[in-house]
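Working notes for the structure below.
Here is how names work: the chains are called A, B, and so on, in the same order as the sequence lines, proteins then strands, and each is numbered from 1. Any value given below was found using the heavy atoms of this structure, including those in side chains, with hydrogens, waters and symmetry copies removed.
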There are 2 protein chains.
Amino acid sequence: MRLLLIEDERELAAALSVALSKHGIVTDHTMHLADAFELTRQNAYDAILLDRRLPDGEGLTFIPKLRRAGIDTPIIVLTARNEPLERVEGLDFGADDYLGKPFLVEELMARVRAVLRRPPNLAEPDIVAGRMMIDPLHLNVTVDSTPLDLPRRELLVLVALAKRKDKTVLRSTLEAAVYNYEEEIQSNALDAHISRLRKRLLDANAGVAVHNIRGVGYLLKEE
Amino acid sequence: MRLLLIEDERELAAALSVALSKHGIVTDHTMHLADAFELTRQNAYDAILLDRRLPDGEGLTFIPKLRRAGIDTPIIVLTARNEPLERVEGLDFGADDYLGKPFLVEELMARVRAVLRRPPNLAEPDIVAGRMMIDPLHLNVTVDSTPLDLPRRELLVLVALAKRKDKTVLRSTLEAAVYNYEEEIQSNALDAHISRLRKRLLDANAGVAVHNIRGVGYLLKEE
DNA sequence: AGCTCCGCAATGCTGCTGCAACCTTGGCAG
DNA sequence: CTGCCAAGGTTGCAGCAGCATTGCGGAGCT
């Protein structure tokens, strides 16, 4: 792990470097914001430790600058200015955490570890088919990134088909996707939905077609 | 934004809920870890506020349990046990942040925002839609850079829609964005908010329109 | 007290949806 | 090749679920 320490008190910086090294952490140190920016461009740091009071300005201003440059490295602000409202200020500048001096190295380490833990995405991936993009979780359909407004039943049919693009979907599966077991249908309602869906996909120039597999079910294919 | 508050002091919990609601945050509250686990399975919270001392055990033990279940929601520990070593312990249990009681609601808000900014959420950028600019973290809305003053519930609806501009937002998602599970609505309250929001957007000449998708939800589009 | 916000409910309206009637297509047997 | 039938396709229609709008009164805030 590699950290960047931006801190103007030499002794503190030295002590921190030693302490962190015992945790297997490599620390780059600078006293100036200008240098710091250059360093972040040349190295991929796991986190940045930032003092507020620095010879060439308020440390917080460094954060937006970094973010604007597209660098998302977590930042922990270390400072003697530890009043609640100052902490609010620091966090709202974009800092990931804020730690008042003096502090235990143990606590700093814990906060670094906490900052590095990342929440992963558990989103269901979008489905691409023809010009369409389908978000099955939010029932969202776009054609060439303009939203497509579909009635609920047609939408459910489409999503069920899209989830198994290029593969046949049994008629019974489609019925299950659109109707719950309480709603029994005594007619060709499903066929009607397919028909209307086809028309809408055609009008929207969606780049896909719904094929019928006689006696089995349906299938969504790019055309 | 939706939080889960796990806290056994009724008064504190109630006060917090009220305070947070003024920041546009919907809060679900429970006093028991067992309930909390169930709630996290049923709802997608943006963050969890966790007390350490709870009737059915040490709150920290909840964190690994949650992580093992694959739930990575950021957790902020709220506690009177605020010695440095206790903070280390909390963070190493997997908490994302640790805040000693008593605290300012302002600081809690700032820490929540900071936690939500962490990768891969990155900084939640301002949303531009029509003439509007929306800061989803601070719930600021401007039209042509003059601030737009909206009632709380309408504001929450708007932000929820704006976060998914040009994409459908499920009705249930909107309800979750505006109400917590204790506030049951037995009428078309949400529809009423939409209607009033539309009127306000029109009056303000915001350059956006709220479309309905029958049986599914709503969608915010530039016009 | 005056104000806004908000939930509720009554009203009117839109267009989805199931149905059924009718048309088209594909498979198969003679 | 032709005729037949079943499966699927299309479309008008009526009913109604879902949505939009608005006034009212209570609650909360200044």
Can you name the residues that form a side chain to side chain contact (heavy atoms under 4.5 Å, CB included) with B:A177, not counting sequence neighbours? B:A160
Under the side chain to side chain contact (heavy atoms under 4.5 Å, CB included) rule, collect the residues that match up with A:A95, sequence neighbours excluded. A:I63, A:V77
Once side chain to side chain contact (heavy atoms under 4.5 Å, CB included) is applied, do any residues pair with B:E7, and if so which ones, sequence neighbours excluded? B:L5, B:E9, B:L12, B:A13, B:H29, B:D51, B:K101
Could you tell me which residues satisfy salt bridge (charged side-chain N to carboxylate O under 4.0 Å, His left out) with B:R153, sequence neighbours excluded, listed by chain and number? B:E183
Anything under 3.5 Å between a protein N or O and an N or O of nucleotides 25-27 of chain D, put it in a table, one pair a line.
none

Would you please name every residue forming a salt bridge (charged side-chain N to carboxylate O under 4.0 Å, His left out) with B:D144, sequence neighbours left out? B:R131
Which residues pass the side chain to side chain donor-acceptor pair (under 3.5 Å) test with A:R164, sequence neighbours left out? none
Report all side-chain donor-acceptor pairs from residues 208-219 of chain B shorter than 3.5 Å, counting only partners two or more places apart or in another chain.
unit_1 : atom_1 : unit_2 : atom_2 : d
B:N212 : OD1    : B:R214 : N      : 3.2
B:N212 : ND2    : B:G217 : O      : 3.4

Is there a residue in residues 189-203 of chain A whose heavy atoms reach under 4.0 Å of DNA chain D, and which residues are they? A:D191, A:A192, A:S195, A:R196, A:R198
Under the salt bridge (charged side-chain N to carboxylate O under 4.0 Å, His left out) rule, collect the residues that match up with B:D166, sequence neighbours excluded. none
When you measure from every atom of DNA chain D, which of residues 208-216 of chain A have a heavy atom less than 4.0 Å away? A:N212, A:R214, A:G215
Rounding to 10 degrees, work out the angle separating the end axes of the helix from C:dA1-D:dT30 to C:dG30-D:dC1 (five pairs an end). 40°
Selection from C:dC6, C:dC16, D:dT21 that lies nearest to any side-chain heavy atom of A:P151: C:dC16
When you measure from the side-chain N and O atoms of A:Y179 to the phosphate of C:dG18, is any distance below 4.0 Å, counting only OP1 and OP2? yes
